[in-house]
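Below is one structure, written out as structure tokens; the observations come after it.
Just the heavy atoms: all of them, side chains too, but no hydrogens, waters or symmetry mates, feed the values below. First the proteins, then the strands, lettered A, B, ... as listed; each starts at 1.
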Protein chains: 2
Amino acid sequence: MLHVAEAARVSVATVSALLNGTATVSPELTQRIEQAIRDIGYKRNAIARSLKMGTTRTIGLTVPHITNPFFTDVVSVIQQAFDRAGYAVMLCCTDEDLNTQDEQIRLLLDRMVDGLIVARVGDGGLLKGIVEDTNVPVVLLDRLCEGVDTDAVVLDNQRAVFDAVTYLIHLGHRRIGYITGTSDISPMHDRMIGYREALQAAGLPVAEELIRSGNFHEIDGYNATMQLLSLHDRPSAIFSANNPMVIGTMKAIRDIGLSCPEDISVACFDDFPWSDVFVPQLTTVAQPVQAIGEQAANLLLDRLAGNRDAPPRKLVLKGRLMIRSSCRPLGAIAQSVSA
Amino acid sequence: MLHVAEAARVSVATVSALLNGTATVSPELTQRIEQAIRDIGYKRNAIARSLKMGTTRTIGLTVPHITNPFFTDVVSVIQQAFDRAGYAVMLCCTDEDLNTQDEQIRLLLDRMVDGLIVARVGDGGLLKGIVEDTNVPVVLLDRLCEGVDTDAVVLDNQRAVFDAVTYLIHLGHRRIGYITGTSDISPMHDRMIGYREALQAAGLPVAEELIRSGNFHEIDGYNATMQLLSLHDRPSAIFSANNPMVIGTMKAIRDIGLSCPEDISVACFDDFPWSDVFVPQLTTVAQPVQAIGEQAANLLLDRLAGNRDAPPRKLVLKGRLMIRSSCRPLGAIAQSVSA
DNA sequence: AACGCTAATCGAAACGTTTCGAACGTGTCA
DNA sequence: TGACACGTTCGAAACGTTTCGATTAGCGTT
């Protein structure tokens, strides 16, 4: 900017005023300055600007795994939304590890991000302190956090699983295996409640040996399914709590020599673009990824636009059961239950 | 830092020296400063640091679509690598649009990223000027760029498609539909050559009506497949040039009432974690995503470590044909060809 | 006792912006 | 003619660091 000012024989203040439109600049100087900018190929240094202004027009986004299609889609939507608004997005993957998450959040705050969207991990860690101590707005994504009172957008997980399990029950399934993620995050907690309530509502017992948990990875789903399938009285259906784990479920079913849906029915959380192309076409609970991403972005953009004092807003969206062909009706039992 | 200095009754220069280890600080002052840092909860401002140092420890990464599983995986690997090295990653999706890409690169450069990894779009746009004019190191990912002479890591696309198509020919297919992306980017160009060469090597004619192109999206694959399937003499096999497009291909096959591989064989570029769980299990060309991501990260990290003057390095990795069950042998024809 | 050497510490400039208040020239009004 | 307002322009401080050269204190030498 100094060079531009010299070349145009004006002060840097004038150049800045013109660039930001903060003061009227005479046509004559405007022309000289614009010419100088072109000649020099000047680009404003956003870092210096950030330092002075205290704002970076950059936000931080942390998710557990970007390869989980649910997060891939949501990240994509969020990225687009902030792109439109002229913000850059710093992406971090925490790999379901609390320490990693804390480190990355620290990294982001050091870099003075204007806001944070977090699909948290563990019990929140630093998150609580940040929401309380700093005035960096935080939006929780997908997962609430005990004791952290801030904007959030989540799914009605309990209801979604309730519906899915009820659907399985209506098909005649009585022993329904349930594979969950670690129970310290809200969606898994709520989904578990939905599972139990659906069984109870149908007057079915909750068999604890049918409930397995893992750390969200394919291998966890695989192991859990192996255990379920080697039970003395194995389940006739399995509900898997996320996408990577259901892939593990399908592999376990294949490896053990069974087939879906003939031998065992499968449903799961999170839809994916190819779910209705291949066989078995999985019955899933689809999350409204577009809406989730947009709402999260909007909540944060609203705070960034200055609306700091509004009380925390919590948006709860509805899942949608996508019924396909991976669950088969169980004839005899179906009748006895629906009777 | 000023507050810390005051609280510890030292100068800011000493605090800075201690924090950076650039000078020895007496145990006494060290202790006072560390105490003050704890008391105040001081965090160094990375923006001010960046301004002074001229480095942000942040890199920019642009890809066409993060929802394309190939890019999802590569982004994930790159993100991890830079995370380990203490760098933050700004992610941008260009949506296969050159203007968007140019804007985003500008945005990234304004923010003084230390380096750039680009899976480019279009003819490169600003890219060329940046590589020449700035001293921000650039690594091209997946796609080379005419006239841009810089580090790159790509696949041997020609060979990969040659192998895949040759495999189809060995199975007895003679009319092999080929769905490609826009031909202005190097992988599509090279893959097309691989396709033609495989046919020629087998003494088969290249029928232009069997070649369709689209803009990488599912819908493009769908439309292209619809056209191929409504040809008078329709192909017995289709090779689709990326993942979203092959999903379109599968949907078109389904919608037109055919089935794979009974009525038509399908193979495609890019593997995915679920490709061997569902039916048909797609035969694919798997890219070494882990290696691609790591190599790209390493190339850039090496430049960032100071190795600026080495000549551009171009890494060419090999694809791997994953033979599954989506392509069936064509009895009679197979014999006449292999005879 | 005067000197020089080393180690520790500090003051101040610099990075590239924004912004506030001051200065300047010009035209208007009393 | 002098006071005043207005529209432009500018000088300089500030944002929070790093870094260079200067300063100081302590200590061994001669």
What verdict does the salt bridge (charged side-chain N to carboxylate O under 4.0 Å, His left out) test give for Glu34(B) and Arg38(B), after you've listed the backbone C-alpha separation in whole Å, the side-chain angles of each residue and the deciding distance to 0.1 Å? CA-CA 6 Å; Glu34(B) 285 175 344; Arg38(B) 271 193 301 274; 5.0 Å; no
Does NZ or CZ of Arg143(B) come closer than 6.0 Å to the centre of the six-membered ring of Phe71(B), within 45° of the ring's axis? no
Listed in order of residue number, which residues of residues 38-59 of chain B have a non-hydrogen atom at under 4.0 Å from DNA chain C? Leu51(B), Lys52(B)
Contact list please: residues 130-137 of chain B against DNA chain C, heavy atoms, distance less than 4.0 Å, in numerical order. none
Would you say Ser16(A)'s side chain and Thr14(A)'s backbone share a donor-acceptor pair under 3.5 angstrom? no
Position toward the 5' end of DNA chain D (nearest nucleotide), Val12(A) or Ser26(A): Ser26(A)
Heavy atoms of chain B, cut-off under 4.0 Å: which first and last nucleotide of DNA chain D, 5' to 3', fall inside that, if you could look? dG16(D) to dT19(D)
Looking only at side-chain N and O atoms, does Ser11(B) come under 4.0 Å of OP1 or OP2 in dT9(C)? no
Could you tell me the separation between the CZ atom of Arg32(B) and the C1' atom of dT9(C), rounded to a whole number of Å? 11 Å
May I ask you to check whether over 12 heavy atoms, not counting those of Glu103(B), lie within 6.0 Å of atom CD? no
Does atom CZ of Arg106(B) have more than 12 heavy-atom neighbours from other groups under 6.0 Å away? no
Taking the side chain as everything from C-beta on, heavy atoms only, tell me whether [X] gets closer than 4.5 Å to [Y].
X: Asp73(B); Y: Thr67(A); answer: yes
X: His217(B); Y: Pro244(B); answer: no
X: Leu140(A); Y: Leu127(A); answer: yes

Looking for any heavy atom pair under 4.0 Å, which part of the strands does Ser16(A) touch: base, sugar-phosphate only, or nothing? base
Please compare Val10(B) and Thr14(A) by the position of their nearest nucleotide in DNA chain C and report the one closer to 5'. Val10(B)
So that I can tick it off, tell me whether Arg44(A) and Asp110(B) are bridged by a salt bridge, with the cut-off set at under 4.0 angstrom between side-chain N and carboxylate O. no
So, are Arg57(B) and Asp114(B) salt-bridged, with charged N and O less than 4.0 Å apart? no
Minimum heavy-atom separation for Arg111(B) and Thr58(A), please, with both atom names. NE-OG1, 3.0 Å
